[in-house]
Engineer: 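Structure provided below as structure tokens; questions to follow.
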Amino acid sequence: MSVKHFKQPPAPKHSRTPRRATVAVAAVAALALLGAAATFAYYTATSGITNMFTSAHVAPQVSEEFKPDAGIKENVGAALPDDGKNIASYVRMGYSIYWQDKDGAQLWEEPLSSESGLPTGILPDYTIVMGDALEADPQPGSWVEGADGFYYWCSPLEPGTTTDALIKKVTWDLGRPDGRKLVVDVSVQGIQADPHRAFNEAWGESSDLVPGVDGVLVRKGGN
């Protein structure tokens, strides 16, 4: 299955697609989306790997195992803490992979992936293995790629639960003579699952996905 990056503020793009997904921290943001003919505010949030969003209702987090000294990041998914405030939510994730120099400045040279079809004798800068729950078509308890390049968990995520891994494992070489390091930047966003109108108005058009009658996401025209 091909790997694609979702679009985000300027960052180097993986040879297969855009993504901003880090061992560094993704910024926390929140957005209240108003319905077209109402004043009902939909709760939505974005969270970085070490940040907790303090929204009253939607606060997803990145769940992962990170071993910086070994150059390994694995079992990357999304979690919705049971903090007494969170409500069932749809979540989506994205990531990007790029270089930083020894002073922390982002480099525009694109890291080489093991999936890039490299010529003989050229070694990849990193290897990525996507999770077993990533499917081509939506189904309960799975990830699916939207038309916007984000990865969507197809079922509403309940407080106190965690998705299956979107990324099973990323590994990279730590020994760069020029001091550069590889950054794997991961982010997660969430929006309340009820009513379905919240998803449709916030993400439906860009993702080409909609909640089905049972709440599981389907591709438009397929429900």
Side-chain angles (χ1 to χ4, degrees), residues 1-8 13-26 45-51 60-68 70-81 88-98 111-117 124-172 182-191 193 199 203 207-209 211-212 215-219:
M1 179 175 298
S2 64
V3 178
K4 300 182 179 180
H5 294 269
F6 74 88
K7 298 181 179 67
Q8 224 168 283
K13 298 176 182 175
H14 183 285
S15 57
R16 287 195 174 251
T17 47
R19 281 186 235 206
R20 278 217 69 176
T22 149
V23 302
V25 177
T46 301
S47 176
I49 181 57
T50 59
N51 296 74
Q61 296 179 344
V62 175
S63 171
E64 67 172 28
E65 299 172 33
F66 177 43
K67 304 171 184 176
I72 298 175
K73 190 182 189 81
E74 56 190 342
N75 298 322
V76 181
L80 190 65
S89 306
Y90 290 107
V91 296
R92 67 182 185 182
M93 298 190 74
Y95 68 91
S96 65
I97 299 175
Y98 53 91
L112 300 177
S113 167
S114 58
E115 297 187 335
S116 301
D125 296 312
Y126 69 94
T127 300
I128 184 168
V129 179
M130 301 305 288
D132 296 335
L134 179 59
E135 301 287 350
D137 296 307
Q139 54 187 282
S142 71
W143 290 100
V144 68
E145 186 177 3
D148 50 12
F150 284 97
Y151 294 92
Y152 291 80
W153 185 247
C154 293
S155 302
L157 192 62
E158 297 291 336
T161 62
T162 303
T163 68
D164 291 347
L166 171 63
I167 301 172
K168 182 180 291 185
K169 192 172 189 178
V170 187
T171 57
W172 58 93
L182 196 74
V183 175
V184 183
D185 188 7
V186 183
S187 67
V188 60
Q189 299 175 337
I191 192 167
F199 182 99
W203 296 344
S207 68
D208 202 36
L209 298 167
V216 177
L217 298 181
V218 298
R219 298 208 185 271

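All heavy atoms count here, side chains included; hydrogens, waters and symmetry mates do not. As the structure is a computational prediction, the values presented were derived from the model and not from experiment.
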Engineer: Please list all pairs passing the side-chain hydrogen bond (donor to acceptor under 3.5 Å, both in side chains) test where one or both residues lie in residues 153-166, with sequence neighbours left out.
Structural biologist: none
Engineer: Could you tell me which non-hydrogen atom of Ser142 sits nearest to which non-hydrogen atom of Pro138, and how far apart they are?
Structural biologist: OG-C, 4.3 Å
Engineer: Going by the rule side-chain hydrogen bond (donor to acceptor under 3.5 Å, both in side chains), which residues pair with Glu65 if we only count those two or more places apart in sequence or in a different chain?
Structural biologist: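 Expected list: Asn75.
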Engineer: Answer yes or no: is there a donor N or O on one side and an acceptor on the other, between the side chain of Asp125 and the main chain of Pro111, under 3.5 Å?
Structural biologist: no
Engineer: What's the shortest heavy-atom distance between Pro60 and Gly190, and which atoms?
Structural biologist: CG-N, 3.7 Å
Engineer: Please report the C-alpha distance between Val170 and Tyr126 in whole Å, then the side-chain angles of each, then the deciding distance to 0.1 Å, and finally whether the side-chain contact (heavy atoms from CB on, under 4.5 Å) criterion is met.
Structural biologist: CA-CA 7 Å; Val170 187; Tyr126 69 94; 4.2 Å; yes
Engineer: Just say parallel, tilted or perpendicular for the rings of Trp203 and Tyr152, cut-offs at 30° and 60°.
Structural biologist: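 Correct class here is perpendicular.
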Engineer: Indicate yes or no: at least one non-hydrogen side-chain atom of Tyr90 is less than 4.5 angstrom from one of Leu157.
Structural biologist: no
Engineer: For a 4.5 angstrom cut-off between non-hydrogen side-chain atoms, does Ser113 reach Pro124?
Structural biologist: no
Engineer: Indicate yes or no: at least one non-hydrogen side-chain atom of Ile167 is less than 4.5 angstrom from one of Met130.
Structural biologist: yes
Engineer: By salt bridge (Lys or Arg N to Asp or Glu O under 4.0 Å), which residues pair with Asp208, not counting sequence neighbours?
Structural biologist: none
Engineer: How long is the span from the CZ atom in Arg92 to the SG atom in Cys154, to the nearest 0.5 Å?
Structural biologist: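 SG of Cys154 is found 14.0 Å from CZ of Arg92.
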Engineer: Under the side-chain hydrogen bond (donor to acceptor under 3.5 Å, both in side chains) test, which residues partner Lys169, sequence neighbours left out?
Structural biologist: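 So Lys169 forms no side-chain hydrogen bond (donor to acceptor under 3.5 Å, both in side chains) with any residue.
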Engineer: For residues Val188 and Gln61, report the shortest heavy-atom separation together with the two atoms involved.
Structural biologist: CG1-C, 3.6 Å
Engineer: Is the shortest side-chain heavy-atom distance between Trp143 and Met93 below 4.5 Å?
Structural biologist: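 The answer is yes; the side chains approach within 4.5 Å.
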Engineer: May I ask you to test the Phe199-Ser207 pair for a side-chain heavy-atom distance under 4.5 Å?
Structural biologist: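 Touching, per the 4.5 Å side-chain cut-off.
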Engineer: I'd like to check the salt bridge (Lys or Arg N to Asp or Glu O under 4.0 Å) partners of Glu74; sequence neighbours left out, ordered by chain and number.
Structural biologist: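 Per chain and number, Glu74 pairs via salt bridge (Lys or Arg N to Asp or Glu O under 4.0 Å) with Lys67.
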Engineer: Got Val144 and Gln139 here, is their nearest side-chain heavy-atom distance under 4.5 Å?
Structural biologist: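 Sidechains of Gln139 and Val144: no contact.
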Engineer: Nearest 0.5 angstrom please: Leu182 CG to Thr171 OG1, how far?
Structural biologist: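 OG1 of Thr171 is found 10.0 Å from CG of Leu182.
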Engineer: Quick check: do Leu209 and Val218 have side-chain heavy atoms less than 4.5 Å from each other?
Structural biologist: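 Contact flag for Leu209/Val218 side chains = no.
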Engineer: Taking all heavy atoms of Gly215 and all of Pro156, pick out the closest pair and write down the distance.
Structural biologist: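 So the minimum-distance heavy-atom pair works out to O-CD, 3.6 Å.
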Engineer: Quick one: pull up CH2 in Trp172 and CD1 in Ile72 and give me the separation to the nearest 0.5 Å.
Structural biologist: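 So the CH2 of Trp172 and the CD1 of Ile72 are separated by 8.0 Å.
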Engineer: Rounded to the nearest 0.5 Å, how far apart are CD of Glu145 and CG of Leu166?
Structural biologist: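 Result: 9.5 Å between the selected atoms.
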Engineer: Tell me, do Gln189 and Val91 make a side-chain contact under 4.5 Å, heavy atoms counted?
Structural biologist: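 No, too far: nothing below the 4.5 Å cut-off.
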Engineer: Looking at every non-hydrogen atom in both residues, tell me the closest pair between Ala133 and Ala165 and how far apart they are.
Structural biologist: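 What the structure gives for the nearest pair is CB-O, 4.3 Å.
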